[in-house]
Amino acid sequence: MTTAVIMRGVTPVPRSAADESEESFIRKKQEVTKALLGRRGFSVEGAAVLKEGFRAVILGSYLNIGLLAAPVALWGGMFGLGDGLLFIFSLFAIIPCAERLSYVTEQLANHLGDTTGGLLNATFGNATEVLVAIFALQKGLYRVVQLSLLGSILSNLLLVLGISCFVGGLRWKVQTFKVVSGAVPSAMLLIAAMGFLLPAAMKMSGQEDDNTDEINFSRMVAVVLLIMYSGFLVFQLRTHTEEFEGEASAEPSDTPALGKYESVLWLAVVTIFVSFLSEVLVATIEGFTSEYSINSVFVSAVVIPVIGNAAEHAAAVIFAYRNRMDICVGIAVGSSIQIALGVLPFCVIFGWFIGRPLSLFFNGFETAAVMASVLIVTVILHGGTSNWLMGFLLTGAYVVVSCGFWIHELENLSEAKGLPEGMRNITKLPDMEVSLK
């Protein structure tokens, strides 16, 4: 396009009709583009907002340097890396993803209430465990599903809540949180423990006609637990929302760096990324434990849940430090309730549909660890206060449980507890269908 140049001693070049027509077309195109962006909810400053969001999420944490391990974890197998290294790289890559999930969810929680924010933190914080459980179930690694979800419950109740109370108690002498009418969270935890206890009691009492009764009973319990968890969500988010809303923070909160819809977008992006890493994690766990001679039970029940719970851990500690104990308890306890009454029963039902018979039967040590943890946390919730000593004791209890998993006898991760001997390993053949009458 020729432009008119005005300089001393130079005669301006006359503009042709073609030039004016082209400029008119460009102006109209820009106007149409702005109009379309306006209709779709974007402003002229939309690009700048997205740029700031990218800077806040991707460049806002030094932990994101761990994302450099993601390409190695995802494609290292193509270059001959063994399962041990792939497992380690996938763990390192999941750590920043879990932390960013925590950050983005906290940003979204600032646009919502403490109740919905805590529920979202628990939901997206559990994304790693859910994805690991689904991939493990599809591969027939039954004990990985059981132990990783059990370990997630224990780490949330003891480790996450413990460190949060400890850190918050160092800054605030006594921290308080609401005691919900009817002690609903405590009751939900006890019902969750019942879901672990009854299948074990049925198994040990010898009241089953055959081993398939254990699977059928587990499925019945799973359906009832899912229904009860749905009722809990209605109670929490609809009928008694005010009882779950926390008090205002003792210090002013920062202005959210992300908008509501930006936060939702980033939650989806990071969750999808975690799904790829989770698939690598599950595919290499047996090779890792074999290559480095590490107890597979300890890896499944402690290592994977602690890494996966980094999101809840970071968020809960931050809220406890700011004296927002209601949302802190909502994250730690709510996450445990969600896994025990939602995720684990869902995996049982999901396995039913895909021909993977998952049971709710856990051995004596695992069942006792859940019962003891639930009872300890129930006492704390009933009191409505916390301090650094409570956090110190909860953390110590988690160390004791972890030591038990460390000396736990080695197991076949693909063995489904309670199934007839001939059915335990048939899930190694993906195309084979399992029919349980």
Side-chain angles (χ1 to χ4, degrees), residues 66-98 127-152 155 272-310 347 350-351 354-359 362-363 366 402-417 419 421 423-432 434:
L67 293 175
L68 296 176
V72 180
L74 294 175
W75 297 293
M78 300 172 58
F79 300 95
L81 285 184
D83 286 350
L85 288 176
L86 292 178
F87 182 87
I88 294 173
F89 277 110
S90 61
L91 274 182
F92 276 111
I94 283 178
I95 292 175
C97 290
T128 303
E129 295 95 316
V130 173
L131 293 169
V132 167
I134 290 176
F135 286 122
L137 189 58
Q138 290 176 332
K139 291 180 178 295
L141 300 176
Y142 297 104
R143 289 295 282 162
V144 173
V145 179
Q146 289 184 321
L147 291 170
S148 64
L149 294 180
L150 172 74
S152 181
S155 64
I272 291 173
F273 193 66
V274 169
S275 69
F276 291 108
L277 294 172
S278 300
E279 187 174 9
V280 175
L281 195 72
V282 170
T284 57
I285 182 172
E286 289 184 303
F288 170 77
T289 56
S290 175
E291 183 175 343
Y292 294 101
S293 300
I294 299 177
N295 192 330
S296 58
V297 175
F298 180 81
V299 173
S300 300
V302 177
V303 176
I304 293 178
V306 168
I307 298 299
N309 281 335
C347 289
F350 179 71
I354 66 173
R356 299 293 189 260
L358 181 66
S359 170
F362 293 81
N363 64 32
E366 295 158 6
S402 300
C403 291
F405 284 117
W406 176 258
I407 64 174
H408 201 291
E409 65 177 5
L410 297 177
E411 292 187 17
N412 179 8
L413 295 179
S414 61
E415 178 177 306
K417 280 184 171 293
L419 286 177
E421 195 70 31
M423 296 177 61
R424 290 184 175 179
N425 295 318
I426 61 175
T427 54
K428 287 293 184 179
L429 301 175
D431 298 330
M432 183 175 293
V434 179

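Not measured: the values here are computed from a predicted model. One is the number of the first residue; the rest follow in order along the sequence.
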Do [X] and [Y] come close enough that some side-chain heavy atom pair is under 4.5 Å?
X: L149; Y: P305; result: no
X: T289; Y: N295; result: no
X: S296; Y: I285; result: no
X: F79; Y: V72; result: no

Next on the checklist: For a side-chain contact (heavy atoms from CB on, under 4.5 Å) check, start with the C-alpha distance between S152 and I304, then their side-chain angles and the critical distance, and finish with the verdict.
Outcome noted: CA-CA 8 Å; S152 181; I304 293 178; over 6 Å; no
Checklist entry - Got a sec, which residues hit ring-ring contact (aromatic ring centres under 6.0 Å, His included) with F276, two or more places apart in sequence or on another chain? => result none
Next on the checklist: Restricting to ring-ring contact (aromatic ring centres under 6.0 Å, His included), what partner residues turn up for F298, sequence neighbours left out?
Outcome noted: W406
Please report the closest heavy-atom contact between [X] and [Y], naming both atoms and the distance.
X: A283; Y: D83; answer: O-OD2, 4.3 Å
X: F288; Y: G84; answer: CD1-O, 3.7 Å
X: R356; Y: Y142; answer: CA-OH, 3.5 Å
X: N363; Y: R143; answer: ND2-NH2, 4.0 Å

Rounded to the nearest 0.5 Å, what separates atom [atom1] in [X] from atom [atom2] in [Y]?
X: L131; Y: S278; atom1: CG; atom2: OG; result: 5.0 Å
X: L277; Y: I307; atom1: CG; atom2: CD1; result: 12.5 Å
X: C97; Y: L67; atom1: SG; atom2: CG; result: 5.0 Å

Checklist entry - Looking at residues at least two apart in the chain, or sitting in another chain, which of them share a side-chain contact (heavy atoms from CB on, under 4.5 Å) with A136? => result L141, V144, V145, V282
Checklist entry - Passes side-chain contact (heavy atoms from CB on, under 4.5 Å), E366 versus F405? Steps please. => result CA-CA 9 Å; E366 295 158 6; F405 284 117; 4.0 Å; yes
Please list every donor-acceptor pair under 3.5 Å in which a side-chain atom of residues 85-95 meets a protein atom from a residue at least two apart or in another chain.
unit_1	atom_1	unit_2	atom_2	d
S90	OG	L86	O	3.1
S90	OG	F87	O	2.7

Checklist entry - Does a side-chain N-to-carboxylate-O contact under 4.0 Å join K139 and E279? => result no
